[in-house]
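Take a look at the structure set out below.
Note that ligands are numbered from 1 as they come in the structure, with each ligand's atoms numbered from 1 the same way.
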Amino acid sequence: MTVTPRLLIVGPQGSGKGTQGARIAETFEIPAVSTGDVFRANIAEGTELGRQVQAVIEAGNLVSDELTSAVVRDRLAQPDAAAGFLLDGYPRNLAQVADLDAFLDARGENLAGVIELSVPREESIARLSLRAREQGRTDDTEEVIAHRLSIYERETAPILGVYGERGLVDSIDGVGTLDEITERILTALIARGLNPVS
Ligand code: ADP
């Protein structure tokens, strides 16, 4: 039996989930969908969506569930997501978990696994200040980073309890080389019956 790779990657800011998510998606030949990247691309292009979310993102707050879930539903309904997908940065709270459940249930689909990338708080703060210097993201100031981390702990971390009860979570140590961490994730996904393409 083949398991369709419908995957989530969850972790605090600076955990490396964007990088690892892209690698895992490539290995399974599925699209990596990062809600943060979609929003940033829309801001850069000056679209209506970009204008709606810019101030919220710069303040480090969450975009509304309605808007975010609509963006994700549109993306997952595209043909290239039929054979699987990896979501990075969504769901980010319990309401979004319910939205994703409803979307997948209606399609008769389910998640194959949830990768939790864990890193100590000091490590993620150190990585984020490096990224702030390298990439100049407007939401990477010290104050906004602290705010985003506290939202993560309060609103996002609880989703791992829900998925944990469903037996879907693999908790992966996010400290190590990029290759080591990718290997840990792949080992966990293979144990769930998933088959890497490359
Ligand atoms: P990080 O994990 O470092 O916060 P992301 O790229 O995942 O970076 O997200 C950047 C910003 O985009 C978030 O702070 C938030 O404002 C918005 N965002 C991304 N995903 C979601 C989501 N699922 N729900 C609400 N807002 C989101």
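Under the side chain to side chain donor-acceptor pair (under 3.5 Å) criterion, Gln52 pairs with no residue at all, not counting sequence neighbours. Residues that satisfy the salt bridge (charged side-chain N to carboxylate O under 4.0 Å, His left out) test with Arg92, not counting sequence neighbours, are absent from this structure.
Looking at atom 16 (O) of ligand 1, its nearest protein heavy atom turns out to be Asn61 O, 2.5 Å. Of all protein heavy atoms, the one lying nearest to atom 24 (N) of ligand 1 is Gln96 NE2, 2.9 Å. The protein atom (non-hydrogen) at minimum distance from atom 12 (O) of ligand 1 is Ile57 CD1, 3.7 Å. Ranking the protein heavy atoms by distance from atom 23 (N) of ligand 1 puts Gly89 O, 2.8 Å first.
Residue contacts with ligand 1 for Arg131 involve side-chain atoms from C-beta outward but no N, CA, C or O (heavy atoms, distance under 4.0 Å). For Thr68, every heavy-atom contact with ligand 1 shorter than 4.0 Å involves the side chain, none the backbone. At a heavy-atom distance under 4.0 Å, only side-chain atoms of Arg137, from C-beta outward, approach ligand 1.
In this structure a side-chain-to-backbone donor-acceptor pair under 3.5 Å is present from Glu180 to Thr177. Between the side chain of Arg137 and the main chain of Ala132, no donor-acceptor pair closer than 3.5 Å is present.
Under the 4.5 Å side-chain heavy-atom criterion for ILVMFWY residues, a single connected hydrophobic cluster contains both Ile181 and Leu7.
Nearest-residue assignment for atom 22 (C) of ligand 1 (options Gln54, Arg92, Gln13, Lys17; heavy-atom criterion): Arg92.
Salt-bridge check for Arg23 with Asp179: passed, with a basic side-chain N closer than 4.0 Å to an acidic carboxylate O.
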